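Since the structure is predicted, the reported quantities are computational estimates derived from the model, not experimental observations. Just so you know, residue 1 is the first one in the sequence shown, and it goes up from there.
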Amino acid sequence: MLVISNGAMKCGSTWLTSILREMVDHEPLPEGFHDERFGEVPTIKRLKLKEFLEDVDYHNYNYVSKNHFYYERRLLSRYEDVYVLDIERDLPDTLVSLFFHAKKKLDEWQMDDETLEGIKSAYWLYGPKMASGIVRYHAVWRRKAPWVYVSSYERLKADAAKEIGAIGSFLGLDLSDEEIQRIIDATTFKKMANRQRPADSGMQARFRKGVVGDHKNYFDEKIIADIRRIERENKNYPSTLLEKIDFAFKSFRYAGKIYESPA
């Protein structure tokens with residue numbers, strides 16, 4: 001089977017990928033398919049996805065890939081033995097993590113400093129657009145299908161054993177208590193961070209606090225209210241006729257024929 005660890009940026013997909021790599025006995029991606037920007041973490045090149053689905057024997061061998069697929073849902077739905085696991089995280093926490101990630105990685109990022117006022121200003125400059133994109137992303141993957149599972153950063157934090165057991169059941173794996181504990185022990189944040197080689201540019205700055213509710217240290221009530229408004233307005237995306245037509249067109253353009261990905 002092909003197991004795809006999917007998720008919007010900073011929602012916990014790196015953690016989910018580590019869990020899946022410990023859980024599933026998998027092969028390395030075939031030559032030419034791995035996106036080397038992501039270091040040793042197996043990642044199928046976006047523009048090679050259709051070729052992978054058609055040419056690679058994942059029916060008799062297991063593969064795991066970490067991606068941020070979005071318009072590719074319709075393409076993936078056409079193939080058997082493909083399983084996608086999205087992971088959601090409370091949106092305010094996701095945004096705070098994204099802000100710090102972007103500050104470290106992007107030259108054009110304009111969060112002046114890491115003070116409360118600097119972070120609040122960054123939200124009003126970038127946050128609403130980021131938030132709507134993340135909500136829409138998860139809305140696409142939240143549509144129920146037997147080959148899609150939506151995990152939760154908060155559920156993993158609260159009861160990792162229970163959530164890992166549920167993920168295993170989704171994949172048809174009967175995990176013992178001992179196996180689940182081994183996976184938990186192997187995927188602590190400290191161990192994940194220590195495993196990443198410094199030269200892996202795609203893996204730098206991936207781990208910070210990981211604390212549930214950390215947004216309370218940065219966002220005020222006005223910002224939280226705006227985030228919740230954005231969640232309400234986009235949770236059923238695509239819902240209007242225009243949104244459905246736009247999403248269908250982009251799904252064909254960017255994933256139907258695998259043209260160049262959108263910016």
Side-chain angles (χ1 to χ4, degrees), residues 1-26 28-29 34-35 37-44 62-70 83-102 104-105 130 134-135 137-138 141-142 148-171 173 175 177-198 200-215:
M1 60 184 170
L2 170 60
V3 181
I4 298 173
S5 172
N6 214 46
M9 288 285 290
K10 309 310 293 182
C11 285
S13 58
T14 298
W15 187 13
L16 178 61
T17 303
S18 296
I19 290 170
L20 291 171
R21 293 177 72 187
E22 292 290 335
M23 182 184 297
V24 179
D25 184 14
H26 61 285
L29 295 178
H34 174 57
D35 190 336
R37 294 176 300 170
F38 295 90
E40 57 89 29
V41 177
T43 303
I44 296 173
N62 295 328
Y63 296 94
V64 173
S65 180
K66 178 184 185 296
N67 291 94
H68 300 291
F69 291 138
Y70 181 54
Y83 298 90
V84 176
L85 294 95
D86 185 28
I87 181 166
E88 294 186 318
R89 185 182 183 187
D90 189 36
L91 187 52
D93 281 349
T94 303
L95 290 171
V96 167
S97 187
L98 256 176
F99 286 0
F100 280 99
H101 180 78
K104 291 179 180 179
K105 302 234 353 142
M130 283 182 166
I134 293 169
V135 176
Y137 181 97
H138 290 307
W141 288 109
R142 204 180 297 115
V148 176
Y149 180 87
V150 179
S151 185
S152 161
Y153 186 89
E154 286 75 23
R155 292 203 304 269
L156 279 170
K157 277 286 190 176
D159 192 340
K162 183 178 180 181
E163 183 63 12
I164 289 172
I167 292 170
S169 295
F170 166 72
L171 294 174
L173 304 174
L175 302 174
D177 292 342
E178 291 75 18
E179 289 172 315
I180 290 174
Q181 188 58 51
R182 178 191 63 77
I183 294 170
I184 293 172
D185 294 340
T187 57
T188 64
F189 279 22
K190 182 177 181 179
K191 287 187 176 180
M192 287 192 293
N194 289 340
R195 275 200 296 268
Q196 310 308 331
R197 300 194 306 272
D200 285 344
S201 60
M203 292 304 299
Q204 293 174 0
R206 284 188 178 269
F207 304 100
R208 193 175 68 91
K209 289 183 179 180
V211 175
V212 173
D214 187 45
H215 68 272

Taking the side chain from [X] and the backbone from [Y], do they hold a donor-acceptor pair closer than 3.5 Å?
| X | Y | result |
| --- | --- | --- |
| W141 | V150 | no |
| D90 | V212 | no |
| Y63 | H26 | no |
| E163 | S151 | no |

field: Residue pair D177 / Q181, side-chain donor-acceptor N/O under 3.5 Å
entry: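 No, Q181 and D177 have no side-chain donor paired with an acceptor closer than 3.5 Å.
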
query: What is the minimum heavy-atom distance between P92 and H215, and which atoms define it?
result: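 For P92 versus H215, the nearest heavy atoms are CB-CG, 3.3 Å.
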
- prompt: How far apart are the closest heavy atoms of Y137 and Y70, and which atoms are they?
  reply: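 Minimum heavy-atom separation between Y137 and Y70: CA-CE1, 3.4 Å.
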
- request: Using the side-chain contact (heavy atoms from CB on, under 4.5 Å) rule, take T14 and V41 through it: C-alpha gap first, then chi angles, then the decisive distance, then the call.
  value: CA-CA 9 Å; T14 298; V41 177; 5.9 Å; no

For the atom pair [atom1] ([X]) and [atom2] ([Y]), what is the distance rounded to the nearest 0.5 Å?
| X | Y | atom1 | atom2 | answer |
| --- | --- | --- | --- | --- |
| I4 | S13 | CD1 | OG | 12.5 Å |
| T17 | N6 | OG1 | CG | 9.0 Å |
| D93 | C11 | CG | SG | 10.0 Å |
| M23 | E179 | CE | CD | 9.5 Å |

field: Verdict with supporting geometry, V3 and L85, side-chain contact (heavy atoms from CB on, under 4.5 Å)
entry: CA-CA 8 Å; V3 181; L85 294 95; 3.5 Å; yes

task: Decide yes or no for F99 and M130: does some side-chain heavy atom of the first lie under 4.5 Å from some side-chain heavy atom of the second?
output: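 Heavy-atom side-chain distance check passes, below 4.5 Å.
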
message: Is it true that, when you exclude D25 itself, more than 12 heavy atoms of the residues, nucleotides or ligands shown sit nearer than 6.0 Å to its CG?
response: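 No - once you tally the heavy atoms of other residues, nucleotides and ligands closer than 6.0 Å, there are 12 at most.
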
message: If you apply the rule side-chain contact (heavy atoms from CB on, under 4.5 Å), what do you find for I167 with L20, and how did you get there?
response: CA-CA 9 Å; I167 292 170; L20 291 171; 3.9 Å; yes

query: Run the side-chain hydrogen bond (donor to acceptor under 3.5 Å, both in side chains) check on S18 and T187 step by step: do they pass?
result: CA-CA 6 Å; S18 296; T187 57; over 6 Å; no

task: Run the ring-centre check on Y83 versus Y149 and record whether the distance is less than 6.0 Å.
output: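 No, too far apart.
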
- prompt: So I164 and L156, side-chain contact (heavy atoms from CB on, under 4.5 Å) or not? Walk me through it.
  reply: CA-CA 8 Å; I164 289 172; L156 279 170; 4.1 Å; yes

